Structures are given as structure tokens and as C-alpha cells.
Visitor: 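Starting off with a structure, shown below.
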There are 2 protein chains.
Amino acid sequence: MKPAVAAARPPKRCTDCALRVQTCFTQVSATDLTWIETFRSGTRAVPAGQSVFAEQSKISQLFTVYSGWAFRYKTLADGSRQILNFLLAGDLVGLQAEFANKATHGVEALTDVQLCVFPQDGLWSLFQSQPQLGYDITWLSASNEYLVDENLVTVGSRNAEQRVAMLLIDLWRRAERLGLAAPDGSIAFPLTQQHIADALGLSLVHTNKTLRKLERLGLHAIAAGRLRLLAPGALAHMADYYATPMRPVPLL
Amino acid sequence: MKPAVAAARPPKRCTDCALRVQTCFTQVSATDLTWIETFRSGTRAVPAGQSVFAEQSKISQLFTVYSGWAFRYKTLADGSRQILNFLLAGDLVGLQAEFANKATHGVEALTDVQLCVFPQDGLWSLFQSQPQLGYDITWLSASNEYLVDENLVTVGSRNAEQRVAMLLIDLWRRAERLGLAAPDGSIAFPLTQQHIADALGLSLVHTNKTLRKLERLGLHAIAAGRLRLLAPGALAHMADYYATPMRPVPLL
DNA sequence: CGACCCTTTGAGGGCCGTCAAAGGGGGTGG
DNA sequence: CCACCCCCTTTGACGGCCCTCAAAGGGTCG
């Protein structure tokens, strides 16, 4: 029995939100914040490995990740799974379903996950009464597209070494930005090699061999569920990674 | 000298828009329509092969494709180009740049293209005064993400035959929906095999061999710049393609 | 201790990339 | 009107990256 990953529930009051305090999130006005609080229909905890919502399912909710890791995926008829991107604190999911009538992809928890839940049918009234929040949601949607764009380039144009390097850099940066890096520069790394393979369009075996290769080269280390980048510059060079400055991001 | 592809300019008045008449677009109120017209800063024609905007460029405009074909792409250091998705009439581009400060990808015209141009710095006032339009833009953004999601699955999880089949079906469906299919069921097909290769993450040579294979199997025919699907069912089965019902889409 | 999941490694093969070169069609200039 | 050029398409040969199959090793939990 694992020691329950005591991920704290989101507080009852959004004014007490431990996430929004982070400098990586944009400031929001007091009125907008109270509006968010009334808009929020509740919270939800999903244990590691469980589904947040399934592909093709009818969902009527939007979710913001409060803590933990998750991922979006699609499955093909032969059972192969493509991971579209990983979700960390602050990420918004469920918007596509608003426009497609049902979930166009599944979402699964990698670790125990805490979510803030919003009703989809309140979205229109949000746009009407709180244009700033509507604008923020559009921002988040465009950011999501950017993430997938990047992943498409990785899967379409990079070889196995470069793909793995990209994934490691990208996840590390995103986690670090959220203050999830330990003093030693390591971050929790809950992915199995199967997850990495599914995200990068590689086989499990080749993913393993590539990871070992980068590790032998001294570029990174994964141990005890933690990732450390030992040579970020070399990784970035290998992956043809261009660091883009990170701007504060809105949080719903 | 080609006979100029006489793609008509968008009319001066949005009320005369030849595109919005299509049933695939949602109805918009008269007031919203006049607002769109004043929001629009002009139109722009881009000849085939020319850039609409370059990667990394600072742009301060949003574009709606009025007619013609274009594509979004990113380039790596080794010069390889990944096409993210193709753009047809009604598609909106430039939103990502609003949030990243510069273009995160390039856009290039495949055919002569006519664009409606909107100022980016008017976006916030749009959200404030016309919430319905803000909502529509979010819809379009989420739809774009859906497109890229699908392409990521194709490139990450399908073999060459399936990728080509997916591309042909997808482009045909999107064009047909816009009323671009001829009575014989063919659509204009301005892509070179290099474009297909760059979109699918395949080499030019292998793209050619795969196209010829599907053609020899009688699944499709490309001739005189036109594509016809000769066996849509077989193509869909090969590609593991699930037809999703198409809903009316907003148009900015 | 055994079951299960994940990781790791080896062997062999196939899909697809690279290299090379010929063929076709349209535009341009002689 | 023909020659030439350029771009795109097409085909063959060969090699390599990555997939599949197979099996062993380690860690955790019942």
C-alpha cells in the first residue's frame, strides 16, 4: 500500500487557492475570482491510473488540473494509444467536447490528481458576463494548440533520440515553472516507458534503448521516480530545442 | 502564364459575403455581422507559393481564409519542414501569436489565397462588446486543436498507407463540406507530393510509392490537379477513419 | 514466496529513409 | 516551333532506424 500521495484538495474558497499564488499565473481581479468561485461546480479527485473521462464519452464539464499529472490520448482500432500531451497543474481540459458534443479524446490520471470542475453549460454566461475570463479561456485554448503543434513536429520530424530529449526537456521545464523542482533540480517523473513510447510514436523496446543511450551519455538520469537533467544544453542541442520565454498564463 | 485563378476578392460588405452563405457556417446576428465588418481591417491576396506570415515574425493580425488553400508549418534547424495542418475557407489563423508575442509557426499559400484581415489589438474589445463572437473564436480555436490532435495521431500511430489514406479522406471531406466538390465528386488538389510528405512525416520517395500503391489498388485517383476518391469505404477502413458528424462552424 | 508490472537486453526482420537517375509537363527563350 | 530548363513525379537499389518477438531481471505487493 502506497503512502497516499496526500495531494491536498483544492480549498473551498478560490481566494485561498495555493496554485494561483505561483508567479507563473496571471493576476486576476477580485470580482473575476469570486465569479470563478461561483462558476466552479466542485472538485474531483482521481486516483493514479484512473480515467478522468473516456473517449467518446458525453461530458458536460470542464476541468482544471489543480495538482498531479494526467494525459490526453486517443486510441485506434488496433488498440494502439497515442498520447496527445501531458497535463500539469493549471491545464484546462474539456473544451473540445463543448464543440464536438462528446469527448474527442480521453484523459487519464498519471498520478493521483485533483481537479477543479466547471459546468460546460455555464460557459456561455461566462463569456457574456466576464469577458476577461472568456479571453483567458481562448488564451488557454490557443496554448493547448501550441503544445500539440510542438508534439506533432517532434513526432513527425525528429528521430528517436531527439524525441526523447524533447520530451524530457519539455516536461522538466513545465514542471520547474510550476515550482515542482526540488532543490537538487530533480522533478517527480511518474511516466512509465510505455507512456513515453505512446507519446512519441515509438515502440516500448526502442524507447527503452533510447532512454538508456541518453542516460549512458550522461544527459539525464531517471531514478526513484525522479528525473534530473544532467546536461540540459546537450539535450537541447540534440533535440534542436529552442527555449521560448514563458509568459504568465491565465488560470481558470 | 497561368490564367489567373480569378479568386474573387472578399466583398466590401460582409453582408455580401459569398462564404457565409454556405450552410456549413452558423448563422450570425445582423448586429454581430456589422461588428465583424467594422472589426475587419481589410483584405489581402497572397499568390500561390508565397508566405502569409513567416515563423518567428511579429504579426499583429488575425486572418480568416476567404478562398484558396494554405498551410501552417514549422521548420527545424536541419531544414526539414513539418506541416501542421492545411487551411481552407473559413479557417482562422494568427491566434497563437496573440499569446506568444510572435508567430509560433509559418503560414504559406498553396494556391492563390484571399484573406480577411483583423487587427489583433481589437480582440480584447471584441470579447468585451460582442461575447458571442468571443465565444465563436474559442470554438474555432478548439476546432483547430482538434485538427492537430488528429494529425498527431496519424503521424504517431499510423503507417504510411494509413497516413496517406487519412490525408486524402480528410481533405476531401473538408473541401466537399465547403461546396468545393465538382459534380463528378472530384476536388481541386493543389498539394505536391512534397507537401503530403511534410504533413505526414514521410520522405518524398516513400510518399510517392505509397500514393502509387493506393492508386493501383483503385482507392483514389489524382489527375490534372484533381483528387477523386474511388473507394471511400476502403480508404476509411484502411486508415481506421471514423467519420464524425460535421456541425455548422462559426465564421469570423 | 509468488504474481504482476515495469525495465532491460538480444536477435532478426521490415518499413521507410537516402541516394541516384530517368521521365513528363509547362514555361521561357532562342 | 523547337530547345532547354525547371519542377514535380516515378522507379530502383541499398541501408538503417525502428518494430516485433522473446526472455530475463528487479521491485512491490499480496
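Everything numeric here is computed off the predicted structure, so don't read it as measured data. To find a chain, count down the sequence lines: A is the first, B the second, and so on, and within it residues start at 1. Side chains are part of it too, since the values below use all heavy atoms of this structure and drop only hydrogens, waters and symmetry mates.
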Visitor: Shortest non-hydrogen contact from A:I59 to A:G94?
Guide: CD1-CA, 4.3 Å

Visitor: Which atom names give the shortest non-hydrogen contact between B:L152 and A:L84, and what distance separates them?
Guide: CD2-O, 3.6 Å

Visitor: Between C1' on D:dC7 and CG on B:L204, what's the gap in Å once rounded to a whole number?
Guide: 11 Å

Visitor: Spell out protein contact along nucleotides 20-26 of chain C as letters: B when the base is contacted, S when just the sugar-phosphate is, - when no protein heavy atom is under 4.0 Å; keep the 5' to 3' order.
Guide: B------

Visitor: Among D:dC8, C:dT18, D:dT10, which nucleotide sits nearest the side chain of B:T192?
Guide: D:dC8

Visitor: Nearest-nucleotide wise, let me know which of A:L202 and B:N208 is further upstream toward the 5' end of DNA chain D.
Guide: B:N208

Visitor: Identify, residue by residue, the members of residues 71-78 of chain A with a heavy atom below 4.0 Å from DNA chain D, and return them in order of residue number, or none.
Guide: none

Visitor: Can you label the angle between the B:F63 ring and the B:F53 ring as parallel, tilted or perpendicular, going by 30° and 60°?
Guide: parallel

Visitor: In whole angstroms, how far is the P atom of C:dC15 from the CG atom of B:L200?
Guide: 18 Å

Visitor: CG of A:N151 to CZ of A:R163: how many Å apart, nearest 0.5 Å?
Guide: 11.5 Å

Visitor: Could you name each residue pair satisfying side chain to side chain donor-acceptor pair (under 3.5 Å) that touches residues 195-206 of chain B, not counting sequence neighbours?
Guide: B:R81-B:D198, B:T192-B:H195, B:Q194-B:D198

Visitor: With a 4.5 Å cut-off on side-chain heavy atoms, are A:L110 and A:F71 touching?
Guide: yes

Visitor: Which part of the nucleic acid does A:G201 contact within heavy-atom distance under 4.0 Å: base, sugar-phosphate only, or nothing?
Guide: sugar-phosphate

Visitor: Judged by modelled atom types alone, do B:Y66 and B:R44 share a side-chain donor-acceptor pair under 3.5 Å?
Guide: no

Visitor: Is there a side-chain contact between A:V93 and A:T64, using heavy atoms and a 4.5 Å cut-off?
Guide: no

Visitor: Between D:dG12 atom P and B:H206 atom NE2, what is the distance in whole Å?
Guide: 15 Å

Visitor: Identify the two heavy atoms, one from A:A175 and one from A:W69, that lie closest to each other, and give their separation to 0.1 Å.
Guide: CB-CZ2, 4.4 Å

Visitor: Looking at DNA chain C, which of residues 209-227 of chain B put a heavy atom within less than 4.0 Å of it?
Guide: none

Visitor: Give the minimum heavy-atom separation between A:L219 and A:A234, together with the two atoms involved.
Guide: CD2-CB, 3.6 Å

Visitor: Between residues 150-162 of chain B and DNA chain C, which residues have a heavy-atom gap below 4.0 Å?
Guide: B:N159, B:A160

Visitor: Which nucleotide sits closest to the side chain of B:Q193: D:dT10, C:dC16, C:dT18?
Guide: D:dT10

Visitor: Could you list the residues that satisfy ring-ring contact (aromatic ring centres under 6.0 Å, His included) with B:H220, not counting sequence neighbours?
Guide: none

Visitor: In whole angstrom, what separates B:Q194's CD from C:dG17's P?
Guide: 12 Å

